[in-house]
S.K.: 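Mind having a look at this structure? Questions to follow.
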Amino acid sequence: FFQKIAYLPNAIGLIIGSIMNLSYGINFLLGRVSGVICYALIMYAAMKKLSSGKLLVAVVALLPTNVFQAANYTYDAWIVCMVAFAVSNMVSWLQDEKKTVQIKNIVLVLTILALAIAPKGIYFPLCLLFLMVPAIKFDDVKQYRLYVFAVLGTTLICFLVYMLLPFLAGKNQGDTRFGSEISTIGQIVYILKNPITFAKNLVLFLKGYLSLENSFDYTCFWAYLTPSRVDYHTTLMVLLFVSAVVDRREYDQLYNTRKVKIGVSTLLYVIAAMVATVLYLSCSPVGSDVINGCQPRYLAPMVFPFLMFVCNFGCFNTKNYKSLQA
């Protein structure tokens with residue numbers, strides 16, 4: 001049910017095609033076009049929310065892999081654009097020094113974030129990003145405490161609904177496509193008996209999984225429709241980094257702290273480790289030293305939060321910002 005939420009953009013096109021009595025092939029393509037349009041509109045809405053960082057959103061939105069996924073029937077593009085929209089809303093609170101955060105905005109953004117991670121609940125810790133909003137953005141201490149409670153409550157609800165309940169219902173017995181030796185319960189028992197060995201294998205895997213070399217597979221990968229490497233990958237990575245550094249104004253000062261950088265980096269690393277662990281439980285033989293099925297595209301929703309917060313080096317562009325946007 002939760003995964004089907006992500007296909008609502010495609011469903012719009014399919015419904016229109018059915019009403020117009022179009023052929024199967026045209027209707028199928030209309031569903032893909034509808035997905036792209038919705039993806040573009042949500043990313044545009046994310047850009048509109050920001051006082052600075054619009055260029056960064058545009059570059060992330062136009063990453064070849066993200067566009068490819070948006071043009072097909074997949075929930076990955078939904079997660080990427082909805083997470084970007086929710087995070088952009090939160091950043092807009094930080095960029096506006098004069099306005100305080102209103103309750104209706106909190107409810108709206110937390111709802112958007114919950115819908116964003118609905119298709120793949122493993123991203124539920126992304127809710128904790130919203131704890132970086134300081135108390136000074138609220139009218140009083142009581143409202144700030146209610147906000148923290150709402151963020152933690154949303155995190156817990158997402159964990160229970162998207163992660164824990166399906167597991168307790170026995171719907172995570174392992175992916176038999178990777179062999180008959182797959183056993184989630186058996187894998188959990190192995191990890192509990194050999195925590196140090198598993199931790200070493202996990203850290204070693206994440207070293208390659210989060211490497212710059214592996215970034216090709218979540219920025220330029222088109223499901224085997226492109227060569228193993230393309231010439232523009234290096235240029236694209238430079239563009240991502242440069243846009244994250246120079247697309248800044250004085251509005252970004254509030255979250256330009258070491259605490260924010262360390263906190264966000266740690267949180268995203270933990271999410272990556274959780275993703276790898278879940279795939280280890282469901283796709284790897286018991287006791288295996290290899291983590292199967294952990295595709296690089298699972299990192300795509302974390303690209304924008306990482307660049308927005310961790311790559312904020314205080315290079316505030318106050319004079320030529322309009323020319324930068326042009």
Side-chain angles (χ1 to χ4, degrees), residues 1-3 6 65 69 74-76 79-80 83 117-128 155-224 228-229 262-303 305-306:
F1 171 78
F2 295 119
Q3 287 186 352
T65 297
Q69 291 180 147
T74 172
Y75 55 71
D76 296 274
I79 301 174
V80 170
V83 166
I117 63 179
K120 192 173 282 293
I122 194 64
Y123 295 113
F124 75 89
L126 284 174
C127 298
L128 299 177
T155 306
L156 179 60
I157 291 173
C158 290
F159 169 71
L160 292 175
V161 174
Y162 302 148
M163 293 293 296
L164 188 58
L165 291 182
F167 180 79
L168 294 178
K171 296 181 179 180
N172 288 313
Q173 299 302 318
D175 193 333
T176 56
R177 291 177 300 173
F178 292 88
S180 59
E181 300 177 356
I182 305 298
S183 172
T184 300
I185 301 301
Q187 200 71 286
I188 293 175
V189 173
Y190 169 78
I191 293 175
L192 293 177
K193 289 183 178 179
N194 305 274
I196 297 179
T197 301
F198 170 71
K200 289 181 179 179
N201 291 334
L202 179 61
V203 171
L204 183 62
F205 171 79
L206 290 176
K207 182 180 179 181
Y209 188 57
L210 300 175
S211 66
L212 186 61
E213 181 180 1
N214 194 48
S215 64
F216 169 86
D217 289 324
Y218 58 85
T219 57
C220 305
F221 187 64
W222 288 6
Y224 308 104
S228 58
R229 287 293 182 269
I262 294 175
V264 173
S265 299
T266 302
L267 180 63
L268 297 181
Y269 186 87
V270 169
I271 294 175
M274 291 173 58
V275 170
T277 301
V278 168
L279 270 299
Y280 184 72
L281 295 176
S282 60
C283 300
S284 301
V286 177
S288 173
D289 295 335
V290 180
I291 299 178
N292 295 328
C294 196
Q295 301 182 37
R297 62 186 171 89
Y298 299 150
L299 296 174
M302 296 183 278
V303 172
F306 176 81

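Please read all numbers here as calculations on a predicted model, not as lab measurements. What you see below is based on every heavy atom in this structure, not just the backbone, and it leaves out hydrogens, waters and symmetry mates. Numbers for residues simply follow the sequence, beginning at 1.
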S.K.: When you compare the side chain of C127 with that of I117, does any pair of heavy atoms fall below 4.5 Å?
M.R.: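 SC-SC contact between I117 and C127 confirmed.
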
S.K.: T219: what forms a side-chain contact (heavy atoms from CB on, under 4.5 Å) with it, not counting sequence neighbours?
M.R.: L63, H233, L236, M237

S.K.: Tell me which pairs pass ring-ring contact (aromatic ring centres under 6.0 Å, His included) where either residue lies in residues 264-299, with sequence neighbours left out.
M.R.: F198-Y280

S.K.: If you round to the nearest 0.5 Å, how far is CG of L299 from CG of L210?
M.R.: 6.0 Å

S.K.: Any side-chain to backbone donor/acceptor pair from T155 onto P125? Under 3.5 Å, distance only.
M.R.: no

S.K.: Nearest 0.5 Å, please: how far is CG in L206 from OG1 in T277?
M.R.: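 CG of L206 is found 7.5 Å from OG1 of T277.
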
S.K.: Counting C-beta onward and ignoring hydrogens, is there a side-chain heavy-atom pair between N201 and V290 closer than 4.5 Å?
M.R.: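 A side-chain contact under 4.5 Å is absent here.
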
S.K.: Got a donor-acceptor contact below 3.5 angstrom from the Y190 side chain to the I185 backbone?
M.R.: no

S.K.: Can you tell me how far CD of Q187 sits from OG of S288, rounded to the nearest 0.5 angstrom?
M.R.: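 S288 OG to Q187 CD: 7.5 Å, rounded to 0.5 Å.
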
S.K.: Quick one: pull up CG in L267 and CE in M302 and give me the separation to the nearest 0.5 Å.
M.R.: 9.0 Å

S.K.: Heavy-atom count around L192 CG within 6.0 Å, excluding the residue itself: above 12?
M.R.: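 Enclosed.
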
S.K.: Run the side-chain contact (heavy atoms from CB on, under 4.5 Å) test against A6 and tell me which residues pass, sequence neighbours left out.
M.R.: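 Y75, W78, P119.
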
S.K.: Got I191 and L281 here, is their nearest side-chain heavy-atom distance under 4.5 Å?
M.R.: yes

S.K.: Indicate yes or no: at least one non-hydrogen side-chain atom of V275 is less than 4.5 angstrom from one of C294.
M.R.: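 Yes; the side chains approach each other to less than 4.5 Å.
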
S.K.: Are Y123 and I79 packed together at the side-chain level, in the sense that at least one heavy-atom pair is separated by less than 4.5 angstrom?
M.R.: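 Contact flag for Y123/I79 side chains = yes.
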
S.K.: Rounded to the nearest 0.5 Å, how far apart are CE of M274 and CG of L202?
M.R.: 11.5 Å

S.K.: Hey, which of T65, T74, D76 is the one that makes side chain to side chain donor-acceptor pair (under 3.5 Å) with R297?
M.R.: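 When side chain to side chain donor-acceptor pair (under 3.5 Å) is applied between R297 and each of T65, T74, D76, only D76 qualifies.
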
